[in-house]
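All remarks here apply to the structure that follows.
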Amino acid sequence: MVPLKRRKLTAAQTENQDNKVCKFPDITVYIVERKMGASRKAFLTRLGRSKGFLIEETYSSSVTHVVSESNTGDEVQAWVNNHTEGKALTDSIHLLDISWLTESMAEGGPVAVQDRHRLKTSLKSSEDTPSFTVKSYACQRRTPLKHHNTFLTEALEILAENAEFGENEGRSVAFRRSASVLKALPYAVRQMDDLKNLPCLGEHSQRVIKEILEDGSSREVESTRQSAQFQAMKALTGVFGVGVRSADRGFREGLLCPSDLIRTGQKLNKAQQAGVQYYDDLNRPVTKQEALAISQIVERAVNSVLPGSIITLTGGFRRGKEVGHDVDFLITHEEEGVEEGLMPKLVNWLDEQGFLLYQKTTRNSYLESKDGPARPPNNMDRFERCFSIFKLGQCSEDSSAVLETGSDDSGTTDNVNGTTRQQPGSSWRAVRVDLVVSPFSQFAFATLGWTGSKLFERELRRWAGQEKGMSLSSHALYDSKQQRYLRANSEEEIFAHLGLEFIPPCERNS
Ligand code: UTP
Ligand code: MN
């Protein structure tokens, strides 16, 4: 047995060795536990310390060499960043493979860092991340179509969609706002520190983001994605004409997919019948080329019923999207008033030519004097509008030319043609098309309102109301202080009325 005095001395010596008997004061090592495990880390720490290396238990700003085993540089960087309360790795720190430490211990001192020791990283450290301020309303920001944080925004949007299925609008908008902020960042988020000073990121969104940064995925998002309810709601609301309410009712009755609507003999309205009939086509993204082909048809139709009309492709395609779920058109004529009665003629023409598989037209119910500045519920606008399903012939590869489908071959004089269910390899496909007719005086507001994105529109209205005391719709802008409508002939003028910098359509992808 070791005498008491001796034992005390040994303990003191060991302690000293850990701290004082540090032979290489310029080097502070931190060993990453990830993949290596706690016991191997403890063993290497003891061994290293016994050779005179200063090895820190926790990461701090004094660390100069981070060593790890079987990790990539990116993994180490992400792991360290997330286990150090946001103390970011800086470029002056060596990210090294364990071989550097074992070689150094064998040599009895730190060996020069060589390329083969270095872990390769593709990530930029936070010092390279420019400080960037993000305005809090989406309509104050430029949001490009392609951005750097898809892996985070897709996850947040799953939660937003799920909240919509549960008719929890507040929650859904909160997730959409968070996602939208990330879309506007000029860099990829790698660590929670990158989110400092950003607006709109609620506690829940931050928790989800943190989990994804640390573990690669979020349990909540994954379990939502896999849940039977979410999948059924997605499939059922994917049927044209089926909204969240009917889908939810269907799910509660045990319906899981569109074919269950038929199998169980659900009572379907005309839109829903068409939705089921053309389900596959309508859930296949519409390409830009197909949108342009439909534009040509609509232009020809409009010009033959009201020459001189102006036709604008709105919605996602105007924002530069390559694919969409439908094709949106806004139609007007410079001569105010002549657009009245245009829609029925247009629909007739299209139907006679065999382009319509389904259509439902709603009349223009907007009257400034009657509706006043109050916004209609759900911000539904009141234009004359045609929800339709087009029958589009195959697009040729090189141009937007279409093999048009003749009326004899389509037989689409009925609103829903029950006899022309598309076959695989068919020479045509069904495409959802929205046609909207606007009086010229409202055209700028309608263009702005129909270009989207939905969140951008929502934020424009919120900005108008909360920041400017104004009320914006797709028809008009009303200034409550001045108690008058503000007229505009272009989107630029509307932004100016609202005291906003003009954001072009391709940067409204919030
Ligand atoms: P969409 O639903 O067509 O979305 O609405 P999108 O941005 O074009 O995307 P995809 O590719 O089709 O999915 C287009 C715009 O029209 C407005 C929406 O607010 C959106 O900005 N809109 C839509 C209305 O103003 N009223 C409506 O009833 C429907
Ligand atoms: Mn659209």
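Note that ligands are numbered from 1 as they come in the structure, with each ligand's atoms numbered from 1 the same way.
Among Phe456, Trp450, Phe383, the residue whose heavy atom sits closest to atom 24 (C) of ligand 1 is Trp450. Nearest-residue assignment for atom 17 (C) of ligand 1 (options Ala446, Ser453, Gly449; heavy-atom criterion): Gly449.
Of all heavy-atom pairs between Leu261 and Val239, the closest is CD1-CG2, 4.1 Å. Residues Ile158 and Phe230 approach most closely at O-CE1, 3.9 Å, considering heavy atoms. In terms of heavy-atom proximity, Arg318 sits nearest to Thr451 at NH1-OG1, 2.7 Å.
Each of the atoms 2 (O), 3 (O), 10 (P), 11 (O), 12 (O), 13 (O) of ligand 1 lies under 4.0 Å from some heavy atom of His325. Every atom of ligand 1 with a heavy atom of Gly324 under 4.0 Å away is listed here by number and element: 11 (O). For ligand 1 and Asp326, the ligand atoms under 4.0 Å from any heavy atom of the residue are 3 (O), 12 (O). Those atoms of ligand 1 that come under 4.0 Å of a heavy atom in Gly315, given as number and element, are 8 (O), 14 (C). For ligand 1, the atoms sitting less than 4.0 Å from at least one non-hydrogen atom of Gly452 are 20 (C), 21 (O), numbered in the order shown with element in parentheses. The distance from ligand 1 to the heavy atoms of Glu457 drops below 4.0 Å at these ligand atoms: 19 (O), 21 (O). Against a heavy-atom cut-off of under 4.0 Å, Arg319 is close to the following atoms of ligand 1: 7 (O).
Not a single heavy atom of Arg458 sits under 4.0 Å from any atom of ligand 1.
Between the side chains of Ser205 and Ser178, at least one donor N or O sits under 3.5 Å from an acceptor N or O.
For the pair OD2 of Asp328 and OD1 of Asp326, the angle whose vertex sits at the Mn ion (ligand 2) is 100° to 10 degrees.
Taking the ring centroids of Phe387 and Tyr358, they lie at or beyond the 6.0 Å cut-off.
With respect to the salt-bridge test (charged N to carboxylate O, under 4.0 angstrom), the residues Arg207 and Glu211 do not qualify. Salt bridge status for Asp260 with Arg263: present, with a side-chain N to carboxylate O gap under 4.0 Å. A salt bridge is defined here as a Lys NZ or Arg NE, NH1 or NH2 lying under 4.0 Å from an Asp or Glu carboxylate O, and Arg458 with Glu169 meets this definition.
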